[in-house]
Amino acid sequence: MRTKIIVGNWKMNNTIAESALLARDVLSELGEGFSGCEVGMAPTYPALQAVGTLLEGSTLQLVAQNCHYENDGAYTGEVSARMVKAAGCSFVIIGHSERRQYFGETNATVNLRIKKALSEGLKVIMCVGETLEEREAGVTGAVVSTQVREGLEGVDDISALVIAYEPVWAIGTGKTASSAQAEEVHDLIRTVLVKLYGEAVASEIRIQYGGSVKPSNAAELFAMPNIDGGLIGGASLSAADFAAIIKAAAEC
Ligand code: PGA
């Protein structure tokens, strides 16, 4: 039985004070002892500590939006896995499509980041997903399979891995994949995992859906057999909407 997991990806939104306010509001919507499903929040780096302090004593987890594959050194603008771990994160998002699209991330750099994060004891949310052109060209399956295979190259133990399937055309656009469209790709991802790691391991891995999830479509998506929660962007910036999505997952 896979526990559903909902993570709010705040992207480049909110100052430290605004982040703290949002975290406080989410906590008060859910109650500190909330245990219906696994929940995380991914603020910007400067806000990690403030949000982490607020989450202490709750079941909610602190998540970083990215991390570098070197420990330290001359990498201006980057933050390493051991730094986000020391800031209190238990999870890190790696390979988000915005990283791939705007910051030159490739399957190879995603793979390096995943290996480093896992070796530092972080749990990883690896994002995969096709663009609109790829979907229209009928290569969704090939693209997503390659992202999974290359992202996990040389990773022997995936027990600390979550995969987020996020079709690029659905992110921040208001266009959600239908639950059937999403389920088809989630099923394909699990088949790739079965080939790589065997049935027993693959059946335990959570696969989140991301891309314009909102309170009105969350329950239908989370009811699908291979959709194990969501990576939530825009809707996670509203405590009420985020809490409604979390409750939809908890009730599935
Ligand atoms: P969205 O973003 O919910 O705003 O579409 C999802 C994501 O990018 O993780």
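Numbering of ligands and ligand atoms starts at 1, following listing order.
Side-chain contact check for K123 and Q61: at least one donor-acceptor pair (N or O, by modelled atom type) lies under 3.5 Å. Using a 3.5 Å distance cut-off with no hydrogens or angles, the side chains of N107 and Q147 do not pair a donor with an acceptor.
Taking a cutoff of 4.0 Å between a charged side-chain nitrogen and a carboxylate oxygen, E105 and R113 qualify as a salt bridge. Salt bridge status for E38 with K4: absent, with no side-chain N to carboxylate O gap under 4.0 Å.
The proximity of A235 to ligand 1, defined as any non-hydrogen pair under 4.0 Å, does not occur for either the backbone or the side chain.
The shortest N or O to N or O distance between G210 and ligand 1 is not below 3.5 Å. Close N/O approach between I171 and ligand 1 is not found [any backbone or side-chain N/O within under 3.5 Å]. Between T173 and ligand 1, no pair of N/O atoms sits closer than 3.5 Å.
Under a 4.0 Å heavy-atom criterion, A170 is in contact with ligand 1. Ligand 1 has at least one atom lying under 4.0 Å from a heavy atom of H96.
Shortest contact from atom 7 (C) of ligand 1 to any protein heavy atom: E166 OE2, 3.1 Å. Annotation: atom 3 (O) of ligand 1 to nearest protein heavy atom, G233 N, 2.9 Å. Counting only heavy atoms of the protein, atom 4 (O) of ligand 1 lies nearest to G234 N, 2.8 Å.
The closest side-chain heavy-atom distance from I6 to K247 is not below 4.5 Å. A 4.5 Å side-chain heavy-atom check between D228 and F222 finds every atom pair outside the cut-off.
Within ligand 1, counting atoms from 1 as listed, the ones closer than 4.0 Å to a heavy atom of N9 are 9 (O). Atom numbering of ligand 1 starts at 1 in the shown order; those under 4.0 Å from a heavy atom of G172 are 1 (P), 4 (O), 5 (O). Close approach to L231 involves these atoms of ligand 1, each under 4.0 Å from a residue heavy atom: 6 (C), 9 (O).
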Practice task
Begin from the C-alpha positions of N217 and T176 and carry the test side-chain hydrogen bond (donor to acceptor under 3.5 Å, both in side chains) through to its verdict.
Solution key: CA-CA 8 Å; N217 59 23; T176 319; 3.0 Å; yes

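With a 6.0 Å radius and a threshold of 12 heavy atoms from other residues, nucleotides or ligands, Q181 has its CD atom above the threshold.
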